[in-house]
Amino acid sequence: MAYNGGPMTEAMYYVLLALMHPNHGYQLMHAITEVSNGRLKMGPGTLYGVLSRMQKDGLISLAEDDGRRKTYQITSEGEHSLRTEYSRLKSLIQDGNILEIGDENE
C-alpha cells in the first residue's frame, strides 16, 4: 500500500525524523530510539520493511551503497511529508487542550 499523504504510521514518522541526517540501517535503529527518547525500539525486520516501502514511495532514497551497507537519506518529498505530518500532530495536541481546560475547572 503506497503512502498517499494521509496520517503516517509511527514507524514512518520516526524513520523520517531519524533520516534528517543520512544513516545506514544499524545507525538508524539507534537514531530512532534516540529521537523517540527510548519509547520506540525498531527491529531490523520492521525497519527494512518500512525503508523499502518508503523508498518505493519516494520519501527516502539511497545516498550510498558500498556493497556492505546502504545509507539512506530523506528526499525533499519525504521532508515535505514529514513537516505536514508534524503540523497535523501539533494540531491534534492543540485540539486536545480542552482536556486541560476541563481539568482546571475541577
Side-chain angles (χ1 to χ4, degrees):
M1 178 165 85
Y3 177 66
N4 62 5
M8 288 184 183
T9 65
E10 187 176 31
M12 289 174 66
Y13 183 76
Y14 280 105
V15 166
L16 289 176
L17 276 179
L19 283 177
M20 290 304 289
H21 304 287
N23 274 313
H24 62 78
Y26 183 73
Q27 284 178 322
L28 197 48
M29 285 188 280
H30 291 287
I32 290 166
T33 300
E34 186 176 307
V35 79
S36 70
N37 294 308
R39 210 177 44 75
L40 183 63
K41 292 179 180 21
M42 195 175 298
T46 301
L47 176 63
Y48 287 104
V50 171
L51 288 173
S52 175
R53 179 176 150 210
M54 292 174 74
Q55 195 173 3
K56 288 177 189 168
D57 291 343
L59 301 174
I60 64 170
S61 64
L62 207 51
E64 186 179 331
D65 183 354
D66 67 7
R68 216 171 45 104
R69 66 173 66 150
K70 296 178 180 179
T71 301
Y72 297 91
Q73 63 189 3
I74 192 169
T75 63
S76 58
E77 183 179 342
E79 186 170 345
H80 173 75
S81 297
L82 176 61
R83 290 182 183 280
T84 299
E85 180 67 358
Y86 177 69
S87 293
R88 187 187 76 80
L89 293 171
K90 278 178 41 176
S91 293
L92 288 174
I93 296 300
Q94 289 171 349
D95 294 346
N97 283 341
I98 193 169
L99 296 172
E100 292 180 17
I101 293 168
D103 289 345
E104 292 172 2
N105 292 332
E106 291 177 7

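To the nearest 0.5 Å, atoms OG1 (Thr71) and CD (Gln73) are separated by 9.0 Å. Once rounded to the nearest 0.5 Å, the distance linking CG of Leu40 with CG of Leu17 reads 10.5 Å. Rounding to the nearest 0.5 Å gives a distance of 12.0 Å between CD1 of Ile60 and OG of Ser81. Atom OG1 of Thr33 sits about 11.0 Å away from atom OH of Tyr14, to the nearest 0.5 Å. Of the inter-residue distances, the one linking Leu16 atom CG with Met54 atom CE reads 3.0 Å to the nearest 0.5 angstrom.
Between Glu85 and Lys90 no salt bridge is recorded (no basic side-chain N to carboxylate O distance below 4.0 Å).
Remark: the backbone N or O of Gly67 is paired with a side-chain donor or acceptor of Asp65 at under 3.5 angstrom. Formation of a donor-acceptor pair under 3.5 Å by the Asp57 side chain with backbone atoms of Leu59 is not found in this model. Using a distance-only test at 3.5 Å, with no hydrogens or angles considered, a donor-acceptor pair links the side chain of Ser36 to the main chain of Ile32. No donor-acceptor pair under 3.5 Å is formed between the side chain of Asp66 and the backbone N or O of Glu64.
In this structure, the side chains of Leu62 and Tyr72 come closer than 4.5 Å at one or more pairs of heavy atoms. No side-chain heavy atom of Thr75 sits less than 4.5 Å from a side-chain heavy atom of His80. In this structure, Leu82 and Ile74 have side chains that are in contact, with non-hydrogen atoms separated by less than 4.5 Å.
Surrounding CD1 of Ile93 are at most 12 heavy atoms belonging to other residues, nucleotides or ligands under 6.0 Å away.
Aromatic ring pairs are classed by plane angle as parallel below 30°, tilted from 30° to 60° and perpendicular above 60°; the pair His24 and Tyr26 is parallel.
Between Met29 and Gly43, the shortest heavy-atom distance links the atoms SD-C, 3.9 Å. Taking every heavy atom of both residues into account, Asn23 and Ala18 meet most closely at ND2-O, 3.3 Å.
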Item to check | From CA spacing to verdict: side-chain contact (heavy atoms from CB on, under 4.5 Å), Leu51, Gln55 | outcome: CA-CA 6 Å; Leu51 288 173; Gln55 195 173 3; 5.9 Å; no
Next on the checklist: Test side-chain contact (heavy atoms from CB on, under 4.5 Å) on Lys41 and His30; report intermediate values, then the result.
Outcome noted: CA-CA 8 Å; Lys41 292 179 180 21; His30 291 287; over 6 Å; no
Item to check | Verdict with supporting geometry, Arg53 and Tyr48, side chain to side chain donor-acceptor pair (under 3.5 Å) | outcome: CA-CA 9 Å; Arg53 179 176 150 210; Tyr48 287 104; over 6 Å; no
Next on the checklist: For Val15 and Leu47: C-alpha separation, side-chain torsions, deciding distance, then whether side-chain contact (heavy atoms from CB on, under 4.5 Å) applies.
Outcome noted: CA-CA 8 Å; Val15 166; Leu47 176 63; 4.0 Å; yes
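Sequence neighbours left out, the pairs with a member in residues 73-84 that pass salt bridge (charged side-chain N to carboxylate O under 4.0 Å, His left out) are Glu79-Arg83.
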